[in-house]
Structures are given as structure tokens and as C-alpha cells.
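Below is one structure, written out as C-alpha cells; the observations come after it.
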Amino acid sequence: MVDSVDAALAQAATAAERGADLVEFRVDRMPDPARVAELVTRSPLPCILTCRPTWEGGEYAGEDGPRLDVFAAALAQPRPPAYLDVELVAYERDEAFADRIHAMLHASPDTGLILSSHDFKTRPPDLLQRGDAMRQATACRVIKLAWRARSLRDNLEAMELPGMFAQPTIALCMGEFGLPSRVLAGKCGAFLTFAGLDDQTVTAPGQVGVATLKSLYRWDKVGPQTSVYGVVGWPVGHSLSPHLHNAGFDATGYDGVYLPMPVPPEYEHFKATLSAWLDEPGLRFQGASVTVPHKENLLRFVREMGGEVEPLAARIGAANTLTVRGDGKPYASNTDYAAALHAVCDAMGITPDGLTGRRVAVIGAGGAARAVVAAFATHGASVVIYNRTLEKAEQLAALCEGLPGKVVAAGMGHLCKSCCEVFINCTPIGMHPNVDETPIPDWPKVTDRTVVFDTIYNPLQTRLLREARAAGCTVISGVEMFTRQAAAQFEQWTGQPAPRELFERVVREKLAGG
Ligand code: NAP
């Protein structure tokens with residue numbers, strides 16, 4: 001978005017340094033022929049020139065006449081813009097306007113016309129007709145269709161559109177659901193994707209910065225054969241999983257990309273989105289991490305689709321991993337279970353067999369607690385579940401009947417700090433931003449044989465862990481479980497060992513504000 005020639009040129013130079021191939025100058029706020037001519041002439045990158053009117057979501061409030069003068073001045077330069085972006089509506093409604101555009105393009109054959117259409121509210125009902133009108137416009141060199149996605153499913157249409165027209169096509173979804181269309185544009189044969197200079201200075205909702213697109217979302221590596229993965233949850237905007245898995249794909253040379261996948265809580269949304277993504281053959285959607293509130297939905301979905309559920313995930317009643325198997329069938333499994341188990345056993349210097357008869361206190365009875373309780377009871381530990389809502393603890397204990405270890409339920413008030421060897425926090429108490437809270441205050445002095453594991457990983461050191469360490473306990477951070485469950489997912493999907501040290505470094509850097 002151009003405010004002055006010098007500032008815009010400096011930004012274009014930065015964009016070039018960060019790996020952009022082309023820069024779009026939005027001159028909505030500076031519709032001045034002489035200054036725009038200077039801007040395009042001195043641009044360090046080939047450019048798209050756009051002066052977007054307010055009625056199409058831009059900031060230019062003037063008439064079309066002065067806008068045409070700006071275009072004419074720019075296209076008359078010895079180094080004219082590579083592309084001129086003109087809205088389909090303006091081009092179609094006024095023959096004189098279209099004629100002037102044609103005349104300019106005729107005199108400046110190095111400039112191509114992008115005909116564009118934007119809907120900032122929804123998918124327009126006449127989206128395909130708009131594309132068709134652009135296709136038929138003789139001067140149109142590139143088709144651009146952008147609309148606000150209503151769900152992740154809209155991205156699929158954006159990915160199909162480039163294959164439908166003879167002209168190079170840009171098809172992008174805006175808004176929180178639209179990121180896949182931006183990241184996967186190259187995979188689907190789209191002409192280009194847009195990025196902001198950084199994540200903060202973007203010009204459309206849902207856009208990311210060029211560095212994020214290139215380094216986090218692997219823009220230069222994503223191609224037609226790239227497998228797509230994601231984290232399905234609501235919300236997922238702050239998930240660290242894309243940072244881990246994309247770094248892992250990079251480090252191992254695996255041809256994959258991993259995206260945040262926001263899906264609203266209801267099962268119908270989950271089913272509709274995942275079915276559509278799995279059915280899109282060109283997408284190569286191969287798996288997902290599934291988080292709150294969809295862990296139970298994943299089990300139901302995979303059963304309904306005729307896929308297989310890992311017996312353990314079926315018993316726990318929650319899965320966190322979707323893997324598409326070689327025959328195309330979905331498989332649901334739970335990697336939290338083994339992650340929690342091995343994090344604790346490694347800290348205790350024992351194998352899971354050594355848990356027989358040990359006393360373990362689990363605080364909480366939600367999704368994380370289910371995996372943790374089942375893991376320890378399966379290996380013979382005696383587990384007490386302490387939960388705010390006693391009934392939920394009792395339900396979880398009942399689920400574990402028949403496992404080798406005894407599982408009993410108790411109210412939070414009965415938590416006893418000396419009667420267990422292992423304490424595991426499976427509640428959000430102490431999680432950012434409520435970092436001054438702890439589920440277990442006032443630790444007595446204990447031996448280092450007492451192990452305290454907080455499944456929370458943000459912050460890295462919770463109050464629970466700080467105080468337990470000061471009292472002499474061995475402590476384990478939730479990062480251990482987080483990176484282990486992610487590593488198990490990575491291995492299921494790629495068939496390669498996961499770079500767990502890298503995962504740990506990435507999580508620690510991100511949480512430290514890197
Ligand atoms: P969940 O299904 O919503 O369960 C939350 C549990 O915490 C419930 O038992 C709930 O008790 C209890 N709880 C919530 N707020 C409480 C409060 N203020 N006081 C007392 N009890 C409270 O959540 P979840 O998926 O199990 O996740 C729980 C925690 O595990 C999260 O903090 C998350 O960070 C962590 N986690 C970590 C990993 C990892 O990889 N490190 C993976 C999964 C989860 P009620 O039953 O009474 O509501």
C-alpha cells in the first residue's frame with residue numbers, strides 16, 4: 001500500500017531481499033500520475049500496478065477518469081509495470097473505460113492485464129460466471145478471483161480454478177479459512193500468490209508475510225506432488241504444530257507441508273471438511289493432528305468412513321492423529337498416550353514395565369487425562385484421578401476397568417502430596433496467561449524420586465514445576481509430551497525418524513518469543 005515513492009521503493013527492495021519475484025504497488029492512496037510513473041520506473045522488481053476503488057474493497061474514492069490517467073502515465077514509461085490489475089466490474093460496465101485500457105496495453109505490449117474480482121463477504125454465487133467473463137475478455141492475460149472463504153472447503157474450489165481456464169489464474173480465499181489457498185497456490189498451478197512484507201503489513205485478510213510463506217510454509221518446496229497435513233482444531237491460530245512439522249519436513253527432505261486447519265466445534269463441520277479434503281485427489285491430504293474440541297469427533301468420523309481405529313484410542317475414547325493409509329482409508333490413533341508414558345518413564349529411568357504397583361496421581365479428567373490415565377493403568381500403575389468434577393473422574397475410572405492397574409476417582413480437595421510417587425497435571429491450571437496459578441500448592445520437602453509432570457508447555461516452566469523442583473522433585477515439562485506426540489505423528493506420516501531435538505528447539509524458541 002503506497003504512501004510515498006521512497007517508502008514504497010524501500011519496501012519493494014525489502015520484498016526482493018525476502019524472496020518476492022514480483023511486487024504489487026497499491027496506489028489507492030497516492031493516485032498521482034507523475035509519482036506513480038516514477039515508482040514503476042525505479043521499482044527493483046517487476047510490478048503489478050493496482051489502484052483499487054473503495055467499491056471493490058480498496059481505498060481509492062475517486063472517479064475512473066483520473067485512475068486511467070495514473071495507468072496511462074505508468075504504462076508510458078520505458079520500464080512499464082509487468083501487469084495492470086483492473087476490476088472486472090469497471091472493465092465490463094463502461095465501454096469507454098475498457099477501450100482506453102486496450103489502447104494503453106496496445107502501446108505497452110510488455111504489460112499484461114489482470115482482470116480481477118473480489119468479494120470480502122462470501123463466495124459470490126456467480127463466481128464461475130465472473131471467471132468465464134474474464135476468460136472471454138480478449139485483453140485478459142491473467143484471471144484473478146478472490147473471495148472470503150466460509151470454511152476450509154472453499155479452498156478446494158480455489159485450487160481447482162487454475163485448471164479450468166486457459167489463462168494463468170490467481171484464485172485465492174480471504175479470511176481465517178483461506179490460508180491453504182494462499183500456501184498451496186503453486187501446488188495447484190495458480191499463477192501467483194500474494195504475501196505481505198511481513199505478517200503485520202498485509203493488504204488482505206488472511207494474507208501472511210513473505211518470510212512466513214517462504215520459511216514456515218515452504219513456498220519454494222511445495223509442488224503438485226507435495227503431501228498436505230494440518231492441525232485440525234478450534235481455535236488453531238496459535239498452534240505450534242505447523243512450526244514443528246514444517247521444520248521437520250525441511251530437515252528430512254520430506255515433500256510435505258503442514259497447515260493450521262480451523263474447523264468449528266460441531267461434528268457436522270468436522271465431517272464435511274475432512275470428507276471434502278480427503279476426496280480431493282490432487283490435494284494429497286495425508287493426515288492431521290487433531291486437537292480440542294475434535295478428538296472424539298475424529299473417532300466417530302473414521303468409523304463412519306469405514307476406516308480403522310487404533311484399539312487403544314478406541315478404549316480411551318479420543319484420538320489425536322489422522323493418517324491416510326496406502327489404500328486411501330483413514331486411520332485414527334492416539335500419540336499422546338505413548339508420549340506421556342515415555343516422558344515419565346525416561347525421567348524415572350525405568351521402562352513402562354517398571355510402573356507396576358507405582359502410585360500415580362493424575363489431576364484432571366479431560367482429553368489429556370484420558371490418554372495419561374489409560375497409559376499408566378495399562379502398565380500396572382495404581383492411578384488416582386483428582387478432578388474438580390468428581391463425576392467426570394468417576395466416569396474415566398470406569399472406562400479403565402479391566403486394565404492391569406487400579407484406577408480410582410477423588411475430588412480435588414483430597415489430593416495428598418505424600419501418597420504418590422508421580423503427579424501429573426492434566427488441567428489448564430497455570431497455563432498462559434494464568435501463570436500464577438498451580439493445581440498443587442504448598443509442597444512439603446520430598447525426595448527426588450517424586451516426579452512431577454505438567455502437561456502444560458506454555459509457559460515452559462509453570463509455577464507447579466518451579467515449586468516442585470524447589471521441594472526436591474524431579475520435574476518434566478509439557479514440552480516433552482508435546483514433542484514426543486508430534487514425533488510419533490511425523491513418523492506415522494513420513495515413515496522416517498522424527499528430528500525430535502529439532503522439534504524441541506523449535507518449541508523452546510517459539511515459546512521464548514523467537
Ligand atoms: P479438557 O478436555 O478441557 O479437560 C480439562 C480438565 O481440566 C478437566 O478435567 C477440567 O475439570 C479441568 N479444569 C479446567 N479448568 C479447571 C480449573 N480452573 N480448576 C480445576 N480444574 C479445571 O482439556 P485437555 O485437552 O485435557 O487439556 C488439559 C491440559 O493438558 C491443557 O492445559 C493442555 O495444555 C495440556 N495438554 C498438553 C499436551 C502436550 O502435548 N503437552 C497435550 C494435550 C493437552 P472439569 O472436568 O471439572 O471441567
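Order of listing sets the numbers, starting from 1, for every ligand and every atom in it.
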Is it the side chain, the backbone, both or neither of Phe482 that has a heavy atom closer than 4.0 Å to ligand 1?
-> both
Min N/O separation Ala365 to ligand 1 under 3.5 Å = yes
Nearest neighbour in protein (non-hydrogen) for atom 17 (C) of ligand 1 | Arg388 NH1, 3.2 Å
In plain terms, say whether Asp255 and Arg284 are close enough for a salt bridge, that is, a side-chain N and a carboxylate O under 4.0 Å apart.
-> no
Check ligand 1 against Lys392 and write out every atom of the ligand that is under 4.0 Å from a heavy-atom position of the residue.
-> 46 (O), 48 (O)
Location of contacts on Met481 toward ligand 1, heavy atoms closer than 4.0 Å = both
for atom 6 (C) of ligand 1, nearest protein heavy atom and its distance come out as Cys426 O, 3.9 Å
Is the side chain of Arg182 donor-acceptor paired with the backbone N or O of Ala195 at a distance under 3.5 Å, no angle test?
-> no
Nearest protein heavy atom with distance in Å, relative to atom 27 (O) of ligand 1 | Ala368 CB, 4.0 Å
Is the NZ or CZ atom of Arg300 both under 6.0 Å from the centre of the six-membered ring of Tyr267 and within 45° of that ring's axis?
-> yes
Residue portion contacting ligand 1 (non-hydrogen atoms closer than 4.0 Å) for Ala339 = neither
Proximal candidate to atom 20 (C) of ligand 1 [heavy atom criterion; set Asp336, Ile429, Ile424, Thr389] = Ile429
Which residue owns the protein heavy atom closest to atom 34 (O) of ligand 1, what's the atom, and how far is it?
-> Met431 SD, 3.6 Å
Backbone N or O of Ser181 within a donor-acceptor pair of the Asn155 side chain at under 3.5 Å?
-> yes
Gln461 atom CD, neighbour heavy-atom count above 12 within 6.0 Å = yes
Could you check atom 46 (O) of ligand 1 against the protein and tell me its nearest heavy-atom contact, residue, atom and distance included?
-> Asn387 ND2, 2.8 Å
Given the side-chain rings of His243 and Tyr258, with only the six-membered ring counted for Trp, is the space between their centroids under 6.0 Å?
-> no
Shortest non-hydrogen contact from Arg52 to Glu24?
-> NH2-OE2, 4.4 Å
Ligand 1 to Val292 polar contact by distance, N or O atoms, under 3.5 Å = no
Which is it for Lys417 and Asp442 under the side-chain contact (heavy atoms from CB on, under 4.5 Å) test, yes or no, and what are the steps along the way?
-> CA-CA 9 Å; Lys417 282 158 227 156; Asp442 308 324; 4.1 Å; yes
Over all atoms of both residues, closest heavy-atom pair of Val302 and Pro330 | CG1-O, 3.5 Å
Taking atom 7 (O) of ligand 1 as the point of reference, which of Gly364, Gly366, Pro428 owns the nearest heavy atom?
-> Pro428
Among all protein heavy atoms, pick the one closest to atom 2 (O) of ligand 1 and tell me residue, atom and distance.
-> Gly367 N, 2.9 Å
Identify the closest protein heavy atom to atom 30 (O) of ligand 1: which residue and atom is it, and at what distance?
-> Thr455 OG1, 3.1 Å
Closest non-hydrogen atom pair, Gly411 against Tyr386 | O-CD2, 3.5 Å
